[in-house]
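One structure is given below, encoded as structure tokens.
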Amino acid sequence: MAENAKDFITALESLEREKNIKRDDILKTIEDALVSALRKNLGKTAQIEAKIDVETGAVRAQQVLNVVEIVSNPETEIELSAAKLEDRDAELGGVLTRMLVVNDFSRIAAQIAKQVLIQKVRGIERDNFYKEYKPREGEVVMGSVRRMSDRDIIVDLGKVEAILPYCEQIRKEHYTTGSRIKAVISKVLSQTEMMEIDDIEDAQLARYKSAAYKLDKAQRGPYIFLSRANNRFLEELFKVEVPEMSEGIVEIKGVERDPGFRSKVLVTSTDSKIDPIGTCVGMRGIRIRAIQNELSGERIDLIMYSPDIKTLLMNSVAPAKATSVQIVNEESKKAIIVVPDDQLAIAIGKDWQNLKLASRLTDWKLDVKSESVKAEEDKFANSVVQAMLSGVEGIGPKTAEFLQRAGFTTVEKLANVEIEHLCTVQGIGDKTAAKIIEGAKKYLEEHAAAQPQETPAQEQEAADDNAQENN
């Protein structure tokens with residue numbers, strides 16, 4: 001018995017060490033397994049208790065029966081006369097505790113106990129792995145390619161297997177069994193969380209779910225998903241290569257990627273003496289080159305952050321050199337970036353890649369134009385404005401040009417301006433200013449009277465047009 005107890009304790013210690021499962025949890029699992037096996041022989045509703053002495057390894061099991069006058073459920077009850085044969089002190093309304101001989105388990109019962117034990121240990125392992133890896137979401141890990149599952153990759157992390165879905169891979173990379181692979185833990189999901197995923201509401205998690213269900217169905221989680229394509233992976237690689245980020249001197253304000261091809265990283269520094277871009281590049285480009293090599297040559301544009309939105313937008317189209325920015329609509333975040341003619345193709349990028357990344361990085365809807373095109377557009381727009389202003393009494397071609405340059409681009413502005421303010425425009429005195437204002441008001445009245453009143457149908461049509469433009 002002592003030898004058996006020693007082997008039993010050794011087995012417990014081995015499970016505790018290798019599977020990271022507490023001894024008390026293992027004992028409770030074994031006891032539950034014994035109860036489950038005994039119920040196969042004594043009935044599903046039988047009241048059974050099992051206890052293991054950790055010092056001796058001895059197993060003690062007992063069945064509790066209610067002493068009744070007439071038995072309605074033989075699995076939980078016993079007649080008084082039968083109970084007296086086992087315990088002469090038994091009485092109605094009491095209980096009889098019947099000791100069970102564990103050594104007399106049938107082969108089938110023992111097998112059931114083994115299977116229940118295996119399932120319970122696996123369940124505890126799953127819970128432990130989930131608790132270990134869930135807080136590590138966003139951490140970069142290294143593993144080896146175990147096998148392929150369709151286009152998804154199963155990665156061995158040592159203790160567990162993780163999934164690198166096809167949607168999280170860099171497209172131009174190819175992997176072989178046994179090769180080392182670095183990725184970020186993007187998501188850790190339990191079996192319950194996996195079942196609760198709404199395929200319609202969250203397309204990203206739906207793709208993860210599809211990848212997980214191609215694996216062995218007996219795994220039942222936790223499901224550890226890796227990514228080499230998301231923005232967090234690039235951010236974590238910078239933190240590894242640039243010590244100043246760990247120290248809080250250099251910060252990443254934003255990241256946008258076209259995985260494997262191009263990315264933009266918005267950086268800033270908390271120390272005015274430190275150049276964040278130069279720090280990230282490193283001596284002779286050693287830091288940025290190490291990151292690019294890990295990403296299969298992905299080009300990385302380092303963008304200097306600025307609280308001034310115009311400066312930020314100009315910086316965002318790097319490596320193109322922007323000359324100016326025109327804010328079209330601040331509320332809807334629309335802007336036009338002007339670049340030299342020879343920089344237009346660089347600012348747009350192949351398949352509009354550079355401009356799309358800049359828009360996503362800044363969260364602005366950006367358009368880019370060359371200086372020559374913008375100059376032509378401005379010239380045409382100015383001529384239209386000057387022609388309209390020239391139609392106002394008291395305004396000649398030269399005065400219209402001065403007014404347009406001063407920002408008076410509509411007749412409404414002239415009609416509502418103060419004389420003192422209008423006198424600040426070159427070549428306009430008090431009398432001329434008063435005449436222009438009066439002429440502007442007269443112009444608006446004449447055009448308002450000449451304009452036909454819209455019918456309800458026309459008003460509805462105009463509203464529909466506006467709605468389409470907004471969409």
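- A distance-only check finds no donor-acceptor pair linking the side chain of Lys264 to the backbone of Glu256 [under 3.5 Å].
- Interatomic distance, OG1 of Thr410 versus CG of Leu444, reported as 8.5 Å (0.5 Å rounding).
- By the 4.5 Å heavy-atom criterion applied to side chains, Asn354 and Pro319 are counted as neighbours.
- Looking at heavy atoms from C-beta onward, Thr176 lies out of side-chain contact with Val145 at the 4.5 angstrom threshold.
- You'll find the side chain of Glu173 reaches within 4.5 Å of the side chain of Ser296, heavy atoms only.
- The neighbour count for Asp351 CG, taken as heavy atoms of other residues, nucleotides or ligands under 6.0 Å away, does not exceed 12.
- Of the possible donor and acceptor atoms, one in the side chain of Asn329 sits under 3.5 Å from a partner among the backbone N and O of Glu331.
- Nearest heavy atoms, Leu344 versus Ser370: CD1-N, 4.0 Å.
- Note that OG1 of Thr279 and CZ of Phe238 are 11.5 Å apart. Values are rounded to the nearest 0.5 Å.
- Of the charged side-chain nitrogens involved, none lies within less than 4.0 Å of a carboxylate oxygen, so that Glu298 and Arg228 do not count as a salt-bridged pair.
- Closest non-hydrogen pair, Met314 versus Val317, comes out as O-CG2, 3.3 Å.
- For Phe225, the ring pair (Phe, Tyr, Trp, His ring centres under 6.0 Å) test picks out Tyr208, with sequence neighbours left out.
- Partners of Lys239 under the salt bridge (charged side-chain N to carboxylate O under 4.0 Å, His left out) rule, at least two apart in sequence or in another chain, are Glu235, Glu236.
- Judged by distance alone, the side chains of Glu401 and Gln386 never bring a donor and an acceptor atom under 3.5 Å apart.
- Distance check: Arg360 CZ to Arg257 CZ gives 10.5 Å after rounding to the nearest 0.5 Å.
- Heavy-atom neighbours of Arg171 CZ from other residues, nucleotides or ligands within 6.0 Å: above the threshold of 12.
- Counting only heavy atoms from C-beta outward, the side chains of Val339 and Lys321 never approach each other to under 4.5 Å.
- Residues His421 and Phe408 share a closest heavy-atom pair of CD2-CZ, 3.8 Å.
- Rounded to the nearest 0.5 angstrom, Thr268 OG1 and Met304 CE are separated by 7.0 Å.
- Across all non-hydrogen atoms, the minimal contact from Leu312 to Ser306 is CB-O, 3.8 Å.
- Between Leu237 and Lys182 the shortest side-chain heavy-atom distance falls below 4.5 Å.
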Which side-chain N or O atoms in residues 270-278 pair as donor and acceptor under 3.5 Å with protein atoms at least two apart or in another chain?
{"residue": "Thr270", "atom": "OG1", "partner": "Gly248", "partner atom": "O", "Å": "3.2"}
{"residue": "Thr270", "atom": "OG1", "partner": "Ile249", "partner atom": "O", "Å": "3.2"}
{"residue": "Asp271", "atom": "OD1", "partner": "Lys273", "partner atom": "N", "Å": "2.9"}
{"residue": "Asp275", "atom": "OD1", "partner": "Ile277", "partner atom": "N", "Å": "3.3"}
{"residue": "Asp275", "atom": "OD2", "partner": "Gly278", "partner atom": "N", "Å": "3.1"}

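- Inter-residue side-chain proximity for Leu266 and Asn315 is flagged as unmet; no heavy-atom pair is nearer than 4.5 Å.
- At a threshold of 4.5 Å between non-hydrogen side-chain atoms, the residues Lys333 and Lys365 do not count as touching.
- Salt-bridge annotation for Glu244 and Arg287: present, with a side-chain N of the basic residue lying under 4.0 Å from a carboxylate O of the acidic one.
- Other residues, nucleotides and ligands place more than 12 heavy atoms under 6.0 Å from the CZ atom of Arg180.
- The backbone N or O of Leu355 lies less than 3.5 Å from a partner atom in the side chain of Ser359, making a donor-acceptor pair.
- Taking CG of Leu164 as the reference point, atom CD1 of Ile181 lies at 5.0 Å (rounded to 0.5 Å).
- Here the closest non-hydrogen pair linking Leu226 and Ala183 is CB-CB, 3.9 Å.
- A side-chain donor from one of Gln326 and Lys374 sits under 3.5 Å from a side-chain acceptor of the other.
- If you check the side chains of Glu168 and Ser186, you find no donor sitting under 3.5 Å from an acceptor.
- Nearest heavy atoms, Cys280 versus Leu302: CB-CD1, 3.8 Å.
- Ion pairing between a basic and an acidic side chain is recognised when a charged N comes within 4.0 Å of a carboxylate O; Arg39 and Glu75 show no such pairing.
- Between Lys350 and Phe261, the closest side-chain pair of non-hydrogen atoms is not below 4.5 Å.
- Rounding to the nearest 0.5 angstrom, the gap separating the CG atom in Leu295 from the CZ atom in Arg262 is 14.0 Å.
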